[in-house]
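If you read the sequence from its start, that first residue is 1, and numbering goes on from there. Remember, it's 1-based here, ligands and their atoms both numbered in the order they're listed.
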Amino acid sequence: MARSVAELSFPTLMSLACVLGCGGAEPPAAHGGDVDWPRITSNVAVDPALEERVESILSQMTLEQKVGQMVQAEIHNVTLSDVGQYHLGSILSGPGSYPNRSKASSVTDWLALADAFYDASMDTSQGGAAIPVIWGTDAVHGHNNVIGATLFPHNIGLGATRNPELIQRIGEVTALEVAATGIDWTFAPTLAVVRDDRWGRTYEGYSEDPEIVRRYAGRMITGLQGSAGSPDFLSSSHIVATAKHFIGDGGTDQGVDQGDNLSSEQQLLDIHVQGYLSALEAGVQTVMASFNSWRGAKVHGSRYLLTDVLKGWLGFDGYVIGDWNGHAQVPGCTNESCPAAIHAGVDMIMVPEDWKAFISNTVRQVRSGEIEETRIDDAVRRILRVKTRAGFFTSGRPSSRPLAGDASLVGAANHRSLARQAVRQSLVLLKNAEGLLPLPRNLNVVVAGDGADHIGKQSGGWSVTWQGTENTNEDFPGATSIFAGIREAVTAGGGSATLAVDGSFDERPDVAIVVFGEDPYAESEGNLQSLNFSAEHGESLELLRRLKRQGMPVVSVFLSGRPLWVNPEINASTAFVAAWLPGTEGGGIADVLFRDSEGQVNFDFTGVLSYSWPMDPSKTDLNRSDPNYEPLFPYGFGLTYGVVDTLSGDPPEFHSSRSTTELPATPALPLE
Ligand code: BGC
């Protein structure tokens, strides 16, 4: 229940949240009026015995050791002896970082490196307390930096499933695959509420609307970390999760990555913080500060947002991790130095490369009084609290933990079938003229388009590599391309499938399935000016039109990290499916497109839009709460086999008055 700030004084809140003192937090500065931030009670109860253990470790630490705990270095930029010498609290493997710099690294290689870093952190020959290092990675749609892992649909597709139970299961399975490699912590889930689809990270968000993000966040945290308050919590089959990026990452002006969020404080609460409420309740142990600014001020430097709001009103007692050199964007800071971010409330600073200078500068700044030591103690206390809760002081070397090294968990058959279920449920049917779908299995099908047999393209960014580029199908062992899934379905049913990226054929097929869409990208590389897909990808439209001219029924399977203006492509297709970025289990698409062996519906479409689909390419900030909401397909739209498409009669459920069969090929507003 939301409590008003008038009902509960801030010191009372702080004492409830910290028990043994969270030093550094002060009553919130007046800011932006009378916003009623709710008081969240985490399901992770404060444990006085644990807090005492933390205090005891803290009391044995020198300043250098404390500052070292607060720093996270990148595995390609740190040696094993550095970890002991500088008392590093954490390491990360950034996207594209692998043991021995080889993306082919096996589970054994990952685990051996985890052991080596752990051993280095427990080596007290240079003095100080033995504190296990924590290793973080971006397992954002499965354990995506590890070859052979199960890759789930990116979050935009999961939003379409409207299935919180599934989200929790995905969290559980991701945790198992990460635990098998000896890694402790994932920088996920992303809880962005995405307001402008030009943003290059749109697909990392579940929805444009806080409703779904809030419903999912707690479930994903529970899946990853285990159920707070139960023995399962942070047990050996779970990992530490991160709610990111706090706050307002999905609401920057014009969708610019790392840009400025101009929301009022009330909008921050009503829209952007909603996912954090259920995540904090479920006991998320870390929160990542966002690169973006809020009304001109970088979040990494905002004591109001990180300390007063997050740790104060929202009661967060875990630690705040900075984003990749995010502190350096705070005025007056550089990669090597940033008292302002520490003062603001970043507890662990992600300094991938320049961490040595950062440590020495921070130690000096504490000695000179520029940074208060009580604030350092607060940060380290939070880090030790999480490490203790996660059992790192007792669980031993990564390889001694129950799931470690179990290569059969990575890409396990039951994990892949869960991912395939997620793919089926994420598909949104936007057009089905003449009831073309579902297709019988005994057809001769040509499968065309550059996404047809391209697992990298169907997986999107954050897939083995950061941008998801420079991969071949061999980099996804055990995965199924969309074409392979179709071929399996039709050959089992007496039909045939031919792969022809350019749509050519010798013998006229019964139907063409064209798989096309956006090429992979991540973060700012994916920022767009306009949502006009055809303007950049004329070749796909040409292919669709050619097949249409040949009199072929055409099923479009559209791969994208966001809704895009594709009216010409929809018009050139008989049926049109928004498939998002489905990940490694492409077989889920054939499951839905084709009937079963008895000729009955195999799986119906159940996915519905979690993002509004634009009527014209310039309508980039289209959201269901808009006063003059005019989407082409509204939030919640999705045809099913049980509902007749407009061409055949009744308007389908959820549909606006617009027919799906006759879309304007020219936008109502001029193109940019
Ligand atoms: C991203 C984060 C990610 C971090 C570590 C940053 O560029 O913004 O989401 O967790 O890198 O890879």
Hey, would you say the Tyr611 and Tyr203 ring centroids sit under 6.0 Å apart? no
Considering only protein heavy atoms, which is closest to atom 12 (O) of ligand 1, and at what distance to one decimal place? Asp138 OD2, 2.5 Å
List ligand 1 atoms under 4.0 Å from His245, heavy atoms only on the residue side. 2 (C), 8 (O), 9 (O)
In ligand 1, the atoms that come under 4.0 Å of a heavy atom of Arg201 are 1 (C), 2 (C), 8 (O), 9 (O)
For residues His327 and His300, establish whether the separation of their ring centroids is below 6.0 Å. no
Parallel, tilted or perpendicular: rings of Tyr216 and Tyr206 (30°, 60°): perpendicular
Salt bridge check, Arg389 against Asp317: does any charged N sit closer than 4.0 Å to a carboxylate O? yes
With a cut-off of 4.0 Å, which atoms of ligand 1 are near a heavy atom of Asp323? 1 (C), 2 (C), 3 (C), 4 (C), 6 (C), 7 (O), 8 (O), 11 (O)
Using a strict cut-off of 4.0 Å, indicate which atoms of ligand 1 neighbour a heavy atom of Pro95. 12 (O)
Heavy-atom contacts with Phe291 under 4.0 Å: which atoms of ligand 1 show up? List them by number with element. 7 (O), 8 (O)
With Lys244 as partner, the option from Asp138, Asp323, Asp249 fulfilling salt bridge (charged side-chain N to carboxylate O under 4.0 Å, His left out) is Asp138
I'd like to check which ligand 1 atoms, numbered from 1 as shown, lie under 4.0 Å from a non-hydrogen atom of Lys244. 2 (C), 3 (C), 9 (O), 10 (O)
Indicate, as side chain, backbone, both or neither, the part of Leu92 found under 4.0 angstrom from ligand 1 when only non-hydrogen atoms are considered. side chain
I'd like to check which ligand 1 atoms, numbered from 1 as shown, lie under 4.0 Å from a non-hydrogen atom of Phe187. 10 (O)
May I ask you to check whether Trp355 and Tyr86 place their ring centres under 6.0 Å from each other? yes
Taking the six-membered ring for Trp, are Trp466 and Tyr98 closer than 6.0 Å centroid to centroid? no
